[in-house]
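These notes are about the structure you will find just below.
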Protein chains: 2
Amino acid sequence: MSETIEQKCLSKGVKLTDQRKVIAQVMSASTDHPNVDELYNRVSKIDSKISIATVYRTVKLFEESGILAKHEFKGDKARYEELNEGHHDHLIDVKSGEIIEFVDEEIEKLQKKVAEKYGYTLVDHKLELYGIKKK
Amino acid sequence: MSETIEQKCLSKGVKLTDQRKVIAQVMSASTDHPNVDELYNRVSKIDSKISIATVYRTVKLFEESGILAKHEFKGDKARYEELNEGHHDHLIDVKSGEIIEFVDEEIEKLQKKVAEKYGYTLVDHKLELYGIKKK
DNA sequence: GTAGATGCAAAGTATTTGCGACAAG
DNA sequence: CTTGTCGCAAATACTTTGCATCTAC
């Protein structure tokens with residue numbers, strides 16, 4: 001069981017305002033990958049006075065603090081998800097937009113190997129698979 | 001030796017205007033991955049009357065026709081490159097912004113395998129490695 | 001008490017689009 | 001000819017920011 005977003009804020013010295021608590025709570029409760037609009041809508045239901053500017057400022061702050069991950073899938077708006085230990089990549093259903101998370105150690109290893117081959121130390125990567133569901 | 005962009009336009013039924021010829025020519029001559037601004041600047045040197053709206057319209061059309069590939073690297077604007085047979089992925093130098101193209105058959109195979117595992121047929125993918133040059 | 005956070009509205013970016021004029025097939 | 005394209009400027013979509021006020025620590 002990993003730390004809550006609020007605990008992460010404390011340990012990273014991020015000031016915990018009411019607005020941030022609500023945003024943290026909504027992100028933790030989300031099993032999908034909401035974009036800023038969706039997040040703002042969910043947050044508004046809990047506290048309608050929170051502005052969208054605060055939502056933007058907060059996801060940016062959380063991303064920089066390593067609390068959230070930002071994804072920019074093909075032709076779509078930026079989406080966010082809570083970041084926990086286990087790194088994973090995404091398989092996107094091009095018809096429905098459904099997002100499946102997966103882990104493949106072998107691919108991870110090969111990526112590192114490719115970077116090394118060109119004289120680089122891998123610091124980050126992005127792997128997205130786009131597929132159509134088989135019948 | 002593969003087809004020129006102009007040949008591709010003909011075979012795909014894309015009308016060849018003067019503006020499109022210039023944009024095609026600039027893209028073919030580019031060894032980097034220009035964004036729309038950069039492309040517009042280069043195009044303007046050849047024909048200063050071409051508007052940026054036309055550049056946007058053309059890269060979109062070329063992308064939809066499978067002539068150009070659009071890339072959206074982390075936190076950067078959309079970049080374009082000419083699409084030829086050999087598919088490749090990108091290794092981005094996070095310090096300099098330099099982009100290295102690479103191919104790794106093994107990773108490609110594993111991607112297909114992952115998609116299959118979840119019951120999907122892989123139709124597209126995006127793999128970007130971000131690294132720091134070793135000294 | 002003070003540095004940093006918020007809400008609001010205005011300003012930025014990047015990109016798209018309506019429209020009348022124009023050109024390719 | 002006719003359909004699609006162009007240039008222009010206005011519109012849109014998403015995100016950031018200046019400023020006065022407020023709040024966590």
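Reminder, nothing fancy here: chain letters follow the sequence lines and each chain counts from 1. Everything numeric here is computed off the predicted structure, so don't read it as measured data.
Residue B:I50 contributes atom CD1, which lies 15 Å from atom P of D:dT5 at whole-angstrom precision. Remark: C1' of C:dT13 and NZ of A:K60 are 12 Å apart, rounded to the nearest angstrom. A:E63 has its CD atom 13 Å from the C1' atom of D:dT15, to the nearest Å. Between A:I52 atom CD1 and C:dC8 atom P there is a gap of 12 Å when expressed in whole angstrom units. The nearest whole Å value for the distance from the CG atom in B:D47 to the P atom in C:dC22 is 16 Å. With rounding to whole Å, B:N41 atom CG is found 15 Å from C:dA14 atom C1'. Separating the CG atom of A:D37 from the P atom of D:dT12 is a distance of 16 Å, rounded to the nearest angstrom. At whole-Å resolution of the value, CG in A:L61 and C1' in C:dA5 are 10 Å apart.
A heavy atom closer than 4.0 Å to some atom of DNA chain C occurs in B:K77, B:A78, these being the qualifying members of residues 68-83 of chain B.
The overall bend of the helix from C:dG1-D:dC25 to C:dG25-D:dC1, read as the angle between its terminal helix axes built from five base pairs each, is 50° when rounded to 10 degrees.
Between B:D93 and B:K95 there is no salt bridge, since no side-chain N of the basic residue sits under 4.0 Å from a carboxylate O of the acidic one.
The ring pair (Phe, Tyr, Trp, His ring centres under 6.0 Å) analysis of residues 2-55 of chain B, with sequence neighbours excluded, yields the pairs B:H33-B:H90. Applying the salt bridge (charged side-chain N to carboxylate O under 4.0 Å, His left out) test to residues at least two apart or on different chains, none of the pairs has a partner in residues 9-26 of chain A. For the side chain to side chain donor-acceptor pair (under 3.5 Å) condition, the pairs that include at least one residue of residues 63-73 of chain B, sequence neighbours left out, are B:H71-B:E81. Residue pairs that meet the side chain to side chain donor-acceptor pair (under 3.5 Å) test with at least one member in residues 121-135 of chain B, sequence neighbours left out, are A:K74-B:D124, A:E116-B:K134, B:H87-B:H125, B:D89-B:H125, B:Q111-B:H125, B:E128-B:Y130. Identified under the ring pair (Phe, Tyr, Trp, His ring centres under 6.0 Å) test for residues 96-118 of chain A, with sequence neighbours left out: none.
Residues satisfying the side chain to side chain donor-acceptor pair (under 3.5 Å) criterion with B:R79, sequence neighbours excluded, are B:E38, B:D76. In this structure B:T31 satisfies the side chain to side chain donor-acceptor pair (under 3.5 Å) test with no other residue, sequence neighbours excluded. For the side chain to side chain contact (heavy atoms under 4.5 Å, CB included) test, residues two or more places apart in sequence or in another chain that qualify with A:I46 are A:V22, A:Q25, A:V26. Taking the side chain to side chain contact (heavy atoms under 4.5 Å, CB included) definition, one finds that A:K113 meets it with A:L110, sequence neighbours left out.
Under a 3.5 Å cut-off, the side chain of A:S28 and the backbone N or O of A:A24 do form a donor-acceptor pair.
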Could you go through nucleotides 18-25 of chain D and list every protein N or O atom that sits under 3.5 Å from one of its N or O atoms, giving the distance for each pair?
| residue | atom | partner | partner atom | Å |
| --- | --- | --- | --- | --- |
| D:dC25 | OP1 | A:L16 | N | 3.4 |

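Put simply, A:T54 has a side-chain N or O that comes within less than 4.0 Å of OP1 or OP2 on C:dG7. For A:Y56 and D:dT16, the shortest distance from a side-chain N or O to OP1 or OP2 is not below 4.0 Å.
In this structure, of C:dT15, D:dC6, C:dT6, it is D:dC6 that holds the atom nearest to the side chain of B:R20.
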